[in-house]
Visitor: 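Below are the structure tokens for one structure; questions will follow.
Since we're looking at a predicted model, the values are computed, not measured. Numbers for residues simply follow the sequence, beginning at 1.
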Amino acid sequence: MAKKKVSPLAHQKLQAAHRKKAYMQKLRYFCTLIGGESLYDELPGKILEMIYCVRGGPFKIRVKEGEKITRRFVRIMYTYLDEAMKEYTLDLYPDGDTKVTLSDYYQYIYPMEIMSMVVGLSFNGRDKLAVLREHADRRYADYLYQTATIITAVCATLCDLNKRSLYTFVYEKIVNTDRLPKNMEKLKYQLLTIGTHPLDVRYVKLDGDWRPVCQAGEIAHDMGECYFLPTDVLLQRLEIPGAGPDETAPVYIQQHAINRIIQRAYCAYPSIALLVVSRSFLRKRRIIPTGKNQYLIECFYEDIKIGYFVATYVDGILVIRTFLLLTQSGTPESRRLEELTGLQKKDIAYLAMDDLRTLANSDIIDDGEVRDIFIKAGCESILELCRRVKEGRESALSLSGTSRELSKLILEYIQLGAKDEEYFVNDEN
């Protein structure tokens, strides 16, 4: 007997019923979390329907008029946001013991807050829901701030530096306040309008050739209003003669330098390279003059020093020309490392001591002798990076890899070098 064909409308209704059933099952869990096992059964069916109807709406993404942003990008944006909202959490209560994901907050906790505050509405279980009122403003503000931060991170992650632009956004809450107290609003859905900010490109003369450089900076936000935050540096920190205390120079970067940061720091996304530059200058890291208008500038990822920018001051701007890992030849730490171990540039390269992923997955923190060498050379941050990788902490640097026993090899090379030196001394005698 042939199966009866289901109409598209009937199929949609069936799917909607399944979604509602799944929602109510999870709502029961959150009711138990807030008011005990009996709360869900105490709430009248009408109130449960109202909670379902006012559940927080999903994101709606539109492209700013006149911008050429592909549908594929919008689909990827939806996916990233959905995953992030299910991963990040906020505190249900100030003690921090109970956390809920941002997705669960706007779908379950937030609608229950709304029901507990609707003016003139009385129902069984309202007194138990009232426990949510006390910290409703804090949770809502935390949710909005984290959401804007996530959107900023997603825009930064997905930007294509080859196009010399960064993605921007306007985050709007589409709300209504019907029958709610003055300080409450019902979040119908969240609207994202995506645009782009073109980075300024200049040509400067470096080593006798005119080369393109693009402006360094990042997209920042203030509770949904985003703006471009250019990177600059005080001229007095560059020891420019006659510079005033507040005079600054904009920071620009060569594509070569971006490529080297991506390659040597193993950035998971190309846009992380620009973020590393911006954050290092925002926190006013140490600047070391190496010649006339030539500098080494400390580079940090989060709170970990990973190397130096090689920069030149030219035509009123500071140009980042390349990036050196902390243990690479040309840095103060590499010179101390060579002095302490006797290893030369080629030895360090052969041992992959100038490779961040190799170091991060090595056993250098487990060997006391090698660990002391790195500490004396000023490479404590590399040891901290090793600890974090071993602990499995998440990072925007793709450092996970095959573990390697590097300490024994380093010590063998140091001993080999000492024997060679002794041989030449004896030979002279």
Visitor: Could you tell me if the side chain of Asn293 sits less than 4.5 Å from the side chain of Ile240, heavy atoms only?
Guide: yes
Visitor: Do Ile194 and Ile61 have side chains that approach each other closer than 4.5 Å (heavy atoms only, starting at C-beta)?
Guide: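 Yes, their side chains come closer than 4.5 Å.
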Visitor: How many angstroms lie between CZ in Arg387 and CD1 in Ile304, if you round to the nearest 0.5 Å?
Guide: 10.0 Å
Visitor: Working note: Tyr295 + Tyr308, criterion ring pair (Phe, Tyr, Trp, His ring centres under 6.0 Å); need CA distance, chi angles, decisive distance, verdict.
Guide: CA-CA 9 Å; Tyr295 310 92; Tyr308 292 88; over 10 Å; no
Visitor: Is any side-chain heavy atom of Ile306 less than 4.5 Å from a side-chain heavy atom of Phe323?
Guide: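 Side-chain contact under 4.5 Å: yes.
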Visitor: Less than 4.5 Å apart, any side-chain heavy atom of Leu318 and any of Ile297?
Guide: yes
Visitor: So which heavy atom on Ile34 is nearest to which on Leu92, and how close?
Guide: CG1-CD2, 4.5 Å
Visitor: Decide, yes or no, whether a salt bridge links Glu384 with Arg388 under the criterion of side-chain N to carboxylate O below 4.0 Å.
Guide: yes
Visitor: Would you confirm whether the ring centroid of Tyr106 sits within less than 6.0 angstrom of the ring centroid of Tyr143?
Guide: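 When the ring centroids of Tyr143 and Tyr106 are compared, they turn out to be within the sub-6.0 Å range.
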Visitor: Ignoring hydrogens and angles, state whether a donor on the side chain of Ser280 or Arg285 is under 3.5 Å from an acceptor on the partner side chain.
Guide: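 No - no donor-acceptor pair under 3.5 Å links their side chains.
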Visitor: Is a side-chain N or O of Ser362 found less than 3.5 angstrom from the main chain of Leu359, in a donor-acceptor match?
Guide: yes
Visitor: Given the ring of Tyr105, does Arg139 sit roughly above its face, with NZ or CZ under 6.0 Å from the centre of the six-membered ring and within 45° of the axis?
Guide: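 Judged by the rule (NZ or CZ under 6.0 Å from the ring centre, within 45° of its axis), Arg139 is not positioned above Tyr105.
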Visitor: Can you label the angle between the Tyr52 ring and the Tyr23 ring as parallel, tilted or perpendicular, going by 30° and 60°?
Guide: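 Tyr52 vs Tyr23 ring planes: perpendicular.
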Visitor: Between Gln255 and Asn259, do the side chains contain a donor N or O and an acceptor N or O under 3.5 Å apart?
Guide: yes
Visitor: If the threshold is 4.0 Å, N to carboxylate O, is there a salt bridge linking Glu338 and Lys345?
Guide: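 Looking at Lys345 together with Glu338, the answer is no, because their closest N to O distance does not fall below 4.0 Å.
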Visitor: For the side chain of Gln215 and the backbone of Pro250, is there at least one donor-acceptor N/O pair under 3.5 Å apart?
Guide: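 Not a single qualifying donor-acceptor pair exists.
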Visitor: Indicate whether any N or O donor in one side chain lies under 3.5 Å from an N or O acceptor in the other, for Gln294 and Thr312.
Guide: yes
Visitor: For side-chain contact (heavy atoms from CB on, under 4.5 Å), just list the numbers for Leu296 and Val310, CA-CA rounded to whole Å, side-chain angles, deciding distance to a tenth of an Å, and then say yes or no.
Guide: CA-CA 5 Å; Leu296 282 179; Val310 178; 3.7 Å; yes
Visitor: Given 3.5 Å as the limit, does a donor-acceptor pair link the side chain of Asp91 with the main chain of Pro94, or not?
Guide: no
Visitor: Verify the distance criterion only: is there a donor paired with an acceptor across the side chains of Asp104 and Thr101 at less than 3.5 Å?
Guide: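 The answer is yes; a qualifying pair exists.
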Visitor: Hey, are the side chains of Leu129 and Leu39 touching, using non-hydrogen atoms and a 4.5 Å cut-off?
Guide: yes
Visitor: Determine whether a donor-acceptor pair (N or O, by modelled atom type, separation under 3.5 Å) exists between the side chain of Glu67 and the backbone of Thr196.
Guide: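 Yes; judged by distance alone, with no hydrogens or angles, the pair exists.
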Visitor: Judged by atom type as modelled, is there a donor-acceptor pair below 3.5 Å linking the side chain of Thr358 to the main-chain atoms of Asp354?
Guide: no
Visitor: Does OH belonging to Tyr29 count more than 12 external heavy atoms closer than 6.0 Å?
Guide: no
Visitor: So with a 6.0 Å cut-off around NZ of Lys99, is the heavy-atom count from everything else above 12?
Guide: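 Correct, the count exceeds 12.
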Visitor: What is the distance from atom OG1 of Thr327 to atom CZ of Arg336, rounded to the nearest 0.5 Å?
Guide: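 Between atom OG1 of Thr327 and atom CZ of Arg336 there are 12.5 Å.
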Visitor: Ignoring hydrogens and angles, tell me if any N or O in the side chain of Gln236 forms a donor-acceptor pair with the backbone of Ala243 under 3.5 Å.
Guide: yes
Visitor: Taking the side chain as every heavy atom from C-beta outward, state whether Met77 and Leu192 have any atom pair closer than 4.5 Å.
Guide: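 A side-chain contact exists here, since the closest heavy-atom pair is under 4.5 Å.
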Visitor: With a 4.0 Å cut-off on N to O distance, would you call Lys305 and Glu380 a salt bridge?
Guide: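 Looking at Lys305 and Glu380, the cut-off is not met.
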Visitor: Using side-chain hydrogen bond (donor to acceptor under 3.5 Å, both in side chains), reason through Gln263 and Arg260 one step at a time and then give a plain yes or no.
Guide: CA-CA 5 Å; Gln263 175 191 4; Arg260 287 293 173 265; 2.8 Å; yes
Visitor: List for me each residue that meets ring pair (Phe, Tyr, Trp, His ring centres under 6.0 Å) alongside Tyr350, sequence neighbours excluded, and say none if there are none.
Guide: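 Residues passing ring pair (Phe, Tyr, Trp, His ring centres under 6.0 Å) with Tyr350: Tyr413.
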Visitor: Taking atom types as modelled and ignoring hydrogens, do the side chains of Asp355 and Tyr266 form a donor-acceptor contact shorter than 3.5 angstrom?
Guide: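 Side-chain D/A pair, Asp355 to Tyr266: present.
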Visitor: Is any side-chain heavy atom of Glu405 closer than 4.5 Å to a side-chain heavy atom of Leu409?
Guide: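 Not touching, per the 4.5 Å side-chain cut-off.
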Visitor: Apply side-chain contact (heavy atoms from CB on, under 4.5 Å) to His135 and Asp142, showing your working.
Guide: CA-CA 11 Å; His135 303 289; Asp142 187 16; over 6 Å; no
Visitor: Using a strict threshold of under 4.0 Å (side-chain N to carboxylate O), is an ion pair present between Asp372 and Lys376?
Guide: no
Visitor: In sequence, state the C-alpha distance, the side-chain angles, and the governing distance for Lys86 and Asp82, and then conclude on salt bridge (charged side-chain N to carboxylate O under 4.0 Å, His left out).
Guide: CA-CA 6 Å; Lys86 291 175 181 176; Asp82 184 59; 3.2 Å; yes
Visitor: Nearest 0.5 angstrom please: Lys346 NZ to Leu351 CG, how far?
Guide: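 Here the interatomic distance stands at 14.0 Å.
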Visitor: Hey, are Lys20 and Glu49 close enough for a salt bridge, meaning a charged N less than 4.0 Å from a carboxylate O?
Guide: yes
Visitor: Does a donor on one side chain and an acceptor on the other come within less than 3.5 Å for Ser407 and Asp363?
Guide: yes
Visitor: Taking Val233's backbone N and O only, do any of them form a donor-acceptor pair with Thr248's side chain (distance below 3.5 Å, no angle check)?
Guide: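 No, Thr248 side chain to Val233 backbone: no donor-acceptor pair under 3.5 Å.
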Visitor: Check whether the ring centres of Phe73 and Tyr167 lie less than 6.0 Å apart, and answer yes or no.
Guide: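 Yes: the rings meet the under 6.0 Å criterion.
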Visitor: Grab the two heavy atoms, one from Glu247 and one from Gly244, that are nearest each other, plus how far apart they are.
Guide: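 Closest pair (atom of Glu247, atom of Gly244, distance): OE2-N, 2.6 Å.
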Visitor: How about Gln15: does its CD atom have over 12 heavy atoms from other parts shown lying under 6.0 Å from it?
Guide: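 Yes - once you tally the heavy atoms of other residues, nucleotides and ligands closer than 6.0 Å, there are more than 12.
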Visitor: Indicate yes or no: does Arg279 engage Glu218 in a salt bridge with an N to O separation below 4.0 Å.
Guide: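 Answer for the salt bridge query: yes.
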Visitor: Treating Arg371 as the side-chain partner and Ile364 as the backbone partner, does any N or O pair qualify as donor plus acceptor under 3.5 Å?
Guide: no
Visitor: Would you check if Thr231 and Leu274 make a side-chain contact, meaning some heavy-atom pair closer than 4.5 Å?
Guide: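 No, too far: nothing below the 4.5 Å cut-off.
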Visitor: Considering all heavy atoms of both residues, which atom of Arg211 and which atom of Leu206 are nearest to each other, and what is their separation?
Guide: NE-O, 3.4 Å
Visitor: Just by distance, no angles: are the side chains of Tyr252 and Asp200 close enough, under 3.5 Å, to form a donor-acceptor pair?
Guide: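 Per modelled atom types, Tyr252 and Asp200 side chains form a pair under 3.5 Å.
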